[in-house]
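Structure record follows, encoded as structure tokens.
Values below: every heavy atom of this structure, side chains too, minus hydrogens, waters and symmetry copies. Values in this document were obtained by computation on a predicted structure and should not be read as measured data. Whatever order the structure lists them in is the order used to number ligands and atoms, beginning at 1.
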Amino acid sequence: MTIHILSDDLAAKIAAGEVIERPASVVKELIENSIDAGAREIKVEIRGGGQRLIRVADDGSGIPASQVETAFARHATSKLNSVDDLFAIRTLGFRGEALPSIAAVSKTTLISRAAGEESGAQIRVDGGKIIEQRAQGAPQGTLVTVEDLFRHVPARLKFLKTPATEAGRIADLINAYALAYPQLRFSLVNDDRLVFQSPGTGRMFDALVKVFGIDVAEQMIEVGNLKLEDGSWKLEGDSPPTSNYHVSGFISPPNVNRSTRKYMLFFVNHRWIQDRTIQHAVIEAYHTALMVGRAPIVALDIVVPPDMVDVNVHPTKSEVRFRDTSAVFTAVQRAVRAVLTGNAPIPSIGVTMPPAPQDWQRQPFPSSPAPTQSAMNLYRPSTMPNETAPISNLQPPISNVQIPMLRVLGQIASTYIIAEGPDGLYLIDQHAAHERVLYEQLTAERAGATVAVQELLDPAPLQLTPAQTGALETHRAALESVGFRVEPFGNQTILLRAVPALMKASDPRAALVAILDELEQGEEPLEKSADARLITSVCKSIAVKGGQVLSLEEMRELVRRLEHTAAPRTCPHGRPTMIQLNVATLEREFGRK
Ligand code: ADP
Ligand code: MG
């Protein structure tokens with residue numbers, strides 16, 4: 001092959017691939033343009049999960065008729081002039097790539113009328129080629145319609161998830177922007193149904209109510225300007241920020257949490273971004289107040305001087321680089337921790353917090369040596385590597401290694417069961433063990449088509465997010481087959497009528513929400529079959545948690561049931577349920593042999 005320059009068309013499609021990954025990317029770019037244009041109201045309409053149609057209407061400044069064609073040229077922008085501007089960006093867009101990228105992979109129509117112009121203009125572009133341009137009467141603002149996204153890019157089309165899932169991502173996106181820009185009114189119409197509308201009052205709290213529901217919003221804690229007063233942190237009202245980094249927004253108390261980090265939303269200078277450092281700073285701030293595997297609900301805006309942050313890291317502009325990462329980390333962690341310690345965590349019903357350590361437990365043993373490498377090796381899981389099935393395995397883990405009868409001795413850290421067997425000591429992770437027991441029981445019940453169902457006595461309504469509704473629609477049959485009975489109850493609300501009988505001990509509504517979040521999140525094509533995943537996440541959410549005190553009787557029952565499973569040494573995710581210290585090891589470590 002000779003080296004040659006790619007055709008404009010091909011180059012445009014390649015560039016488009018970096019910016020436009022899925023329907024939600026189109027919505028993101030279009031609403032960012034509307035925000036940059038000073039819109040007060042942004043209306044989004046989608047069909048077929050956005051693949052068939054996305055329409056974004058705004059009442060912003062509009063584009064002068066003479067410039068609509070230029071707007072679709074590659075690297076055409078009104079937001080950047082010189083290299084210096086790149087380090088002081090105050091707009092969401094600046095790369096001049098969105099409109100040409102969208103137009104390269106869809107059929108795009110833009111109608112716009114600029115402030116002060118008599119008439120508007122319309123331009124139609126199909127697969128990157130302009131097919132029509134003419135005058136068009138229109139209200140001031142811009143209306144962009146994107147149809148048949150990726151119709152001519154089969155590789156991309158194949159990667160799209162179900163329309164419900166794609167619509168869920170769009171809804172998540174609009175929720176995030178509604179929180180970042182509470183002064184703007186956003187709405188989303190999905191297949192002719194209005195599924196979201198933010199009030200545009202200018203208060204983030206009002207947007208929170210719309211996004212997470214009043215019950216959650218009322219429990220959220222405001223993070224704001226803080227000042228130290230009488231030895232404790234106080235909110236400083238609306239005085240101007242004092243430091244370079246100003247953190248504001250809302251966080252949930254530790255007892256209001258989710259099984260996914262996707263409700264941890266961060267904005268840097270009102271730009272919605274993904275950032276591990278900030279996420280880590282928040283999780284750190286909660287310290288041990290959160291249970292393992294749980295994440296808080298967070299919406300935080302971090303305002304940074306524009307020259308302290310580089311937003312030109314990735315074509316999608318969803319990542320940033322800070323000049324001083326540790327300053328950002330500290331600012332976020334302090335702000336969150338200050339309000340958390342001011343609002344002592346209230347353990348929620350059904351969640352048993354581990355008891356505070358007694359003084360003697362804090363004392364190190366007089367001459368306990370630091371753990372050596374060989375001592376650490378002791379705690380290796382006793383399973384062989386090939387017994388621990390990877391998460392993506394379709395089959396349940398194959399483990400012919402059964403466990404002997406065990407005698408339960410007690411519980412450590414309210415999380416591990418300590419037991420004795422003929423061959424030594426066993427430490428059992430109560431959550432993992434229970435997951436294994438439930439997994440096999442539910443799988444067996446389903447195979448026999450006799451899933452025990454438990455009707456709820458008080459089927460109270462449960463409000464779902466659009467994404468959760470999407471997951472529910474996609475997995476409804478599978479959820480029913482394991483024992484859930486759900487009825488629609490109006491706008492985004494359902495009635496939970498029955499649950500798998502196995503679920504009796506836990507909060508069924510919270511469990512269903514956790515399952516939907518997980519189903520909606522991890523939808524990777526190569527993961528387990530939908531069924532296996534469903535059962536796994538059902539088990540995860542109803543199994544006894546770490547940190548829960550169990551009676552000797554409960555532990556005996558759990559261990560007895562674990563002994564009878566087909567693969568007692570791993571949980572359904574493939575992690576070990578137990579580690580073993582055999583007598584030979586003990587003898588060696590104590591120098592008896
Ligand atoms: P960028 O946003 O990076 O400048 P885009 O390709 O998204 O690049 O848009 C190109 C230009 O078109 C923008 O710089 C802006 O001048 C104009 N434009 C796009 N959308 C709108 C809109 N909704 N309202 C007003 N002007 C717009
Ligand atoms: Mg743009």
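- Against a heavy-atom cut-off of under 4.0 Å, Ala71 is close to the following atoms of ligand 1: 10 (C), 12 (O).
- Relative ring orientation between Tyr263 and Phe212 is described as perpendicular, the plane-to-plane angle rising above 60° on a 0-90° scale split at 30° and 60°.
- Counting only protein atoms, the N, O or S atoms lying less than 2.8 Å from the Mg ion (ligand 2) are Asn33 OD1, ordered by chain and residue number.
- For atom 27 (C) of ligand 1, the nearest non-hydrogen atom from the set Asn33, Val19, Ile63 comes from Ile63.
- Considering backbone and side-chain atoms alike, Gly93 places every N or O at 3.5 Å or more from each N or O of ligand 1.
- No salt bridge links Lys210 with Asp206; every basic N to acidic carboxylate O contact stays at or beyond 4.0 Å.
- Only side-chain heavy atoms of Asp58 come within less than 4.0 Å of ligand 1; its backbone N, CA, C and O stay farther off.
- Legend: residues meeting side-chain contact (heavy atoms from CB on, under 4.5 Å) with Pro100, ordered by chain and number and at least two apart, are absent.
- An N or O contact shorter than 3.5 Å is missing between Pro100 and ligand 1 by distance.
- For atom 16 (O) of ligand 1, the candidate residues are Ser78, Ser101, Ala39; the nearest heavy-atom contact is made by Ser78.
- In this comparison of Ala103, Ala73, Gly96, the heavy atom closest to atom 8 (O) of ligand 1 sits on Gly96.
- If you look at Ala37 next to ligand 1, the close heavy atoms, those under 4.0 Å, all belong to the side chain.
- Side chain of Arg113 to main chain of Ala138: a donor-acceptor pair is present (N/O by atom type, distance under 3.5 Å, no hydrogens or angles).
- Salt-bridge formation is detected for the pair Arg47/Glu45: a Lys NZ or Arg NE/NH1/NH2 atom is positioned less than 4.0 Å from an Asp or Glu carboxylate oxygen.
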